[in-house]
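Beneath this line is the structure, given in structure tokens, with notes to follow.
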Amino acid sequence: MAYDPQNIFARILRGEIPCTKVYEDDAVLAFRDIRPQAATHVLVIPKGPYTDFQDFAEKAGDAEIAGYIRGVARVAREAGVVESGYRLISNCGADAHQEVPHLHFHLFGGEPLGPLLARKGS
Ligand code: 5GP
């Protein structure tokens with residue numbers, strides 16, 4: 001899938017749509033999810049145009065990958081969830097119900113989190 005520069009996170013990156021920013025550096029922008037699903041629910045996105053984790057891992061340069069991963073850890077630290085624990089989820093593609101086609105990690109924490117996945121019928 002080609003990267004769509006009009007996706008909502010690209011527009012947030014360009015400052016065309018507001019967000020509640022919690023952290024920014026050269027590699028990443030982090031902001032609060034508009035529909036939080038935990039006490040702490042932050043989205044961490046790389047600044048480059050990557051549709052999802054697979055696209056990023058296959059195409060980004062090593063410095064970009066390092067900057068993103070370190071940025072995610074920095075956001076967790078600044079959100080105060082490193083001691084209590086947190087969960088990272090990156091939805092990739094249709095079966096994962098990815099809604100926004102710009103790579104993002106959901107960072108959840110701030111309270112005990114439920115089971116990893118709710119399976120149909122369980
Ligand atoms: P996905 O399903 O792609 O992994 O998750 C996309 C996330 O982006 C959802 O949790 C949704 O609530 C969030 N989201 C969608 N539009 C906006 C927006 O305009 N601003 C913010 N802050 N979050 C958004």
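In each ligand, atom 1 is the first atom listed, and ligand 1 is the first ligand listed. Throughout, residue positions are numbered sequentially from 1 according to the sequence presented. Here the structure is a predicted model, which means the values were calculated and not measured.
In terms of heavy atoms, R14 sits closest to Q6 at NH2-OE1, 3.6 Å. In terms of heavy-atom proximity, P46 sits nearest to L103 at CD-O, 3.2 Å.
A salt bridge does not link K47 to E64: none of the charged side-chain nitrogens sits closer than 4.0 Å to a carboxylate oxygen. Residues R74 and E24 are not paired through a salt bridge, judged by the lack of any N-O separation under 4.0 Å between the basic side chain and the carboxylate.
Within 4.0 Å of ligand 1, protein heavy atoms come from I8, F9, I12, F31, R32, D33, I34, R35, L43, N91, H97, Q98, E99, V100, H104, H106.
Taking I69 as the reference, I65 meet the side-chain contact (heavy atoms from CB on, under 4.5 Å) condition, with sequence neighbours excluded.
Test F105, F108, Y86 against H41 for ring pair (Phe, Tyr, Trp, His ring centres under 6.0 Å) and you get one pass: F108.
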